[in-house]
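Inspection log for the structure reproduced underneath, given as structure tokens.
In this chain, numbering begins with 1 at the start of the sequence shown. Computed from a predicted structure; not experimentally measured.
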Amino acid sequence: MSLLRIRITGNADDALAVSDLLHGLEGIEHVEETDDLMPHMDDEDSSSAGLSDDIGPGIHELEVEVGNAATAQKARQAVELLARERGLVIEYEHDEG
């Protein structure tokens, strides 16, 4: 079993659409949206200190457990097609190992 990590630049509805798409594909074992675990350090002296950061699209990360490499490729292709249709930016995180 492999783990595919996908970063989506879009709103919550966009992330839900990608998640729903993945749940509908054969060979997908599990899909989970993960929280941003990196703390954001705001500079108190910055001109943007205290400003809202909810303007514009958000970042959503999904972890997808796939049965094999062929399923991972099928998932990537389906997500990329949806991303083009919705105007999303999709990034894949690759683990070296």
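Put simply, CG on N11 and CG on D13 are 5.0 Å apart, with the number rounded to the nearest 0.5 Å. Distance check, rounded to the nearest 0.5 Å: CG of L88 to CD1 of I8 gives 7.0 Å. Note that the CD atom of E32 and the CD atom of E63 stand 6.5 Å from one another [nearest 0.5 Å].
Heavy-atom minimum distance, V31 versus S19: CG1-OG, 3.6 Å.
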Donor-acceptor pairs under 3.5 Å, side chain of residues 78-86 to any protein atom, not counting sequence neighbours: which ones?
| unit_1 | atom_1 | unit_2 | atom_2 | d |
| --- | --- | --- | --- | --- |
| R86 | NE | D14 | OD1 | 3.0 |
| R86 | NH2 | D14 | OD1 | 2.8 |

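Under a hydrophobic clustering in which Ile, Leu, Val, Met, Phe, Trp and Tyr are joined whenever their side-chain heavy atoms come within less than 4.5 Å, directly or via other members, V64 and L16 fall into different clusters.
Legend: residues meeting side chain to side chain donor-acceptor pair (under 3.5 Å) with T9, ordered by chain and number and at least two apart, are absent. In this structure N68 satisfies the side chain to side chain donor-acceptor pair (under 3.5 Å) test together with T71, sequence neighbours excluded. Under the side-chain contact (heavy atoms from CB on, under 4.5 Å) criterion, E65 pairs with M1, L3, E29, H30, not counting sequence neighbours. Considering only residues two or more places apart in sequence or on other chains, A72 meets the side-chain contact (heavy atoms from CB on, under 4.5 Å) condition with V66, R76.
Taking 4.5 Å as the limit, every side-chain heavy atom of T34 sits out of range of all side-chain heavy atoms of L62. R7 places a side-chain heavy atom less than 4.5 Å from the side chain of I59.
Side-chain atoms of K74 come within 3.5 Å of backbone atoms of E26 as a donor-acceptor pair (strictly under, hydrogens ignored).
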